[in-house]
Amino acid sequence: MRDRLQALNGPQTLGNGRAFWISFAVVLAGALIYPAWADPYDVGNSAYFLIWIFMALGLSLMWGYTGILSFGQTAFFGIAGYGYGVIAINIGASGGLTFVALLCAVSLAAVSAAVLGYFMIYGRVGGVFFGIVTFATTLALAAFLHQTAGPEWAIGKARLNGFNGMGGMSPLELPWFGGPIYLEDTALYYFVLLLLLAVYLGLRLLVNGRFGNVLVAIREDPLRAELLGYDVRKFQLAAFVIGSALAGLSGVLYTAWGQFITPASMGLPAAAMPIIWVAFSGRSDLTATLVGTFTLLLAFQTITIYSQQYALILMGAVLLATVLFMPTGLMVEIGRLIRRLHARATAGPAP
Amino acid sequence: MTAILEARGLHKRFGGLAAVADVDLAIEDGEIHCLIGPNGAGKSTLFKLLLGTYDPSAGRVMFQGVDVTRQKPFERVLHGMSIKMQVPSVFRDLPVSQNLVIALQRRLPRTGIEAEMRRLLALLELEEQAGKPAGELSHGQQQWLEIGMALALQPRLLLLDEPTAGMSTDETFRTGELIQRLNASGMTILVVEHDMAFIRQIAQRVTVLHLGRVFAQDSIDRIIADPRVAEIYLGKTDVD
């Protein structure tokens, strides 16, 4: 057991010590009791923030850890979101079937990423071109769905509805004794929170293990990694598929949350958002990405209440400032600062 | 003795230029073999053909009796080759210790990695730098770390491309000693080099490359005594 827990810590995460895990427990406890005193509307809103973090964590894994920048994670968000809608509407999903729809939709995103990623990675599309191809993919998907307004654009019973987006799919329903629990507001919040906890811890295990060692080796020097006997492209593809499946998970949760998805979720402003969150937070650390993304989403929504244009301009400014002044990301810098201060405090005076 | 690595009729053309032309080369099991030649002789191209980052225009590469011509570098590594590149290539942002762990983890179970890493750190005289990012090491230390990573794979054949580039005389000499120690423990080693003093220190057999072709192949003593080699190689470059 102790060994298992120890595997969560390692060189690929900033927070490893006792102090980190105590803060982690405090924050988690706070998040767990938060619905007890908060307004259900706010709780639902917080669930909405958490929903996006899966996509950010996935991007951190592929960009920050493996060194492959995808500018089109929203493509997989959209594929899974629309996938969930199409499946849920067609099978008239309710109860446990909504989870079957969720799994199928996330798998659809993963398979799409595997196909696209295979041709890119094995076709030696690298560096900035990887970003361009993924970006073009998400824009092409958005443009395609945009013109599906007519009644001829339907998959089974599900109308795609073009610009206006697809609606009417059921929310997630957890089968329970005495009737299903509809995952909305507080119930959805708890579901997403626990899912996020599982994904976060799972990713920590992954990056601090052998697999993660190879990922960061590829980020640092792909040829050296290959000369140590690692099939670099296989690892890159694996990271891309995992990251994209997480983007897909965000897409399904988003669609189930609002019972709605539009092509705009794959358009240009949407595609830029994950990059901004992850760059601002610090792509090379999962915890930094998690905390930073949540902070930015909260700030973005607070400003959007007054003006969406201003919010977008502010996000652009945040990205510029990060790239110019703090390329490693704000949260990672804060994390490193805390670690230095902590090291100094525990080192104490020389004997 | 049998050949562990063999090149048969290797050609590599870049447009109209034949960088490597009709090269036959046999590295015998257990020897230290040096590949020398003036700048532009095709040494680096031949090296890349042997490790698989270049595909040959014609010819074959045999490793331990298996045709590996179409194999990717990582597949050749899995069969027992290990490579140190000319420019030090280490994982610069990662600590020295993690560099070695990444090299060791494919071969060893989790419990065995730590001890082997300590042994390598001692061998490389990098114990005190274990926690430092590899990019902060001196140039010579980075070269040693990369040699250490290549050794971590416990290869049958070690390929070294100018392992002493940028090293001080003292570091160069100690690198030579390390190579001889490794060879004494049974490792076959191919070294591409410029530095004649270093070649004299370590070489058993030497292949001289000139204009992409094998110009001479013999024991180190006879190569040094060969006036034709002196003319094309030693006469044109500075020898320290």
Side-chain angles (χ1 to χ4, degrees), chain A residues 2-4 6-14 16 63-67 121-124 126 205-238 282-285 327-329 332 336 339-340 343 347, chain B residues 47-48 50-54 71-111 113 130-131 133-135 142 145-155 158-161:
Chain A
R2 207 183 158 75
D3 260 22
R4 284 255 173 277
Q6 206 49 48
L8 288 167
N9 295 328
Q12 265 81 254
T13 45
L14 272 175
N16 287 319
W63 183 23
Y65 285 87
T66 321
I121 291 165
Y122 283 76
R124 298 191 189 282
L205 282 179
L206 199 64
V207 299
N208 281 326
R210 286 163 183 250
F211 183 75
N213 266 340
V214 180
L215 295 190
V216 293
I218 291 169
R219 177 192 70 198
E220 295 288 313
D221 191 335
L223 179 59
R224 174 42 54 204
E226 164 139 29
L227 294 183
L228 292 176
Y230 297 109
D231 187 352
V232 166
R233 296 183 294 184
K234 207 166 74 184
F235 282 90
Q236 286 174 323
L237 185 60
R283 58 184 184 272
S284 61
D285 186 68
T328 46
V332 160
R336 286 182 183 164
R339 194 158 70 170
R340 275 200 298 276
Chain B
F47 190 81
K48 286 173 178 157
L50 295 179
L51 74 89
T53 48
Y54 283 167
Q71 284 188 1
K72 306 245 169 287
F74 82 89
E75 294 170 293
R76 300 183 193 201
V77 170
L78 294 179
H79 282 131
M81 247 188 225
S82 193
I83 294 108
K84 191 224 159 296
M85 305 293 286
Q86 184 174 346
V87 181
S89 104
V90 293
F91 306 123
R92 300 180 57 86
D93 281 353
L94 306 180
V96 170
S97 54
Q98 198 184 349
N99 270 268
L100 291 172
V101 168
I102 292 169
L104 288 167
Q105 68 172 21
R106 206 173 40 71
R107 180 168 66 83
L108 293 174
R110 197 161 54 91
T111 44
I113 291 176
Q142 288 187 25
L145 175 58
E146 199 188 350
I147 293 174
M149 289 162 79
L151 289 179
L153 307 182
Q154 287 196 340
L158 184 61
L159 303 176
L160 303 169
D161 193 0

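Order of the sequence lines fixes the chain letters, A, B, ..., with proteins taken first and strands second; residue numbering starts at 1 for each chain.
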Item to check | CZ (B:Arg110) with more than 12 external heavy atoms under 6.0 Å | outcome: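 No, CZ of B:Arg110 has 12 or fewer neighbouring heavy atoms, counting only those of other groups under 6.0 Å.
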Checklist entry - Can you pull out the residues in residues 77-87 of chain B with any heavy atom less than 4.5 Å from chain A? => result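 Within residues 77-87 of chain B, the residues under 4.5 Å from chain A are B:Val77, B:Leu78, B:Ile83, B:Lys84, B:Met85.
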Checklist entry - Can you list every salt bridge (charged side-chain N to carboxylate O under 4.0 Å, His left out) pair that touches residues 214-228 of chain A, not counting sequence neighbours? => result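 Applying salt bridge (charged side-chain N to carboxylate O under 4.0 Å, His left out) to every pair that reaches into residues 214-228 of chain A, excluding sequence neighbours, yields A:Arg224-B:Glu146.
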Where do [X] and [Y] come nearest, in terms of heavy atoms and distance?
X        : Y        : value
B:Gln98  : A:Val216 : NE2-CG2, 3.9 Å
B:Phe74  : A:Tyr230 : CB-O, 3.5 Å
A:Leu227 : B:Leu153 : O-CD1, 3.7 Å

Next on the checklist: Does any backbone or side-chain atom of B:Val101 lie under 4.5 Å from a heavy atom of chain A? Answer side chain, backbone, both or neither.
Outcome noted: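 Looking at B:Val101, just its side chain touches chain A.
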Item to check | Contacting region of B:Ile113 [heavy-atom separation from chain A under 4.5 Å] | outcome: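 It is the side chain, since no backbone atom gets that close.
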Next on the checklist: Whether the side chain of B:Arg106 engages the backbone of A:Leu228 through a donor-acceptor N/O pair (distance < 3.5 Å, no angle test) should be reported.
Outcome noted: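 Side chain of B:Arg106 to backbone of A:Leu228: a pair is present.
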Checklist entry - Among B:Pro155, B:Gly135, B:Ser89, B:Gly52, which residue forms the greatest number of heavy-atom pairs with chain A at distances under 4.5 Å? => result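 Option with the greatest count: B:Ser89.
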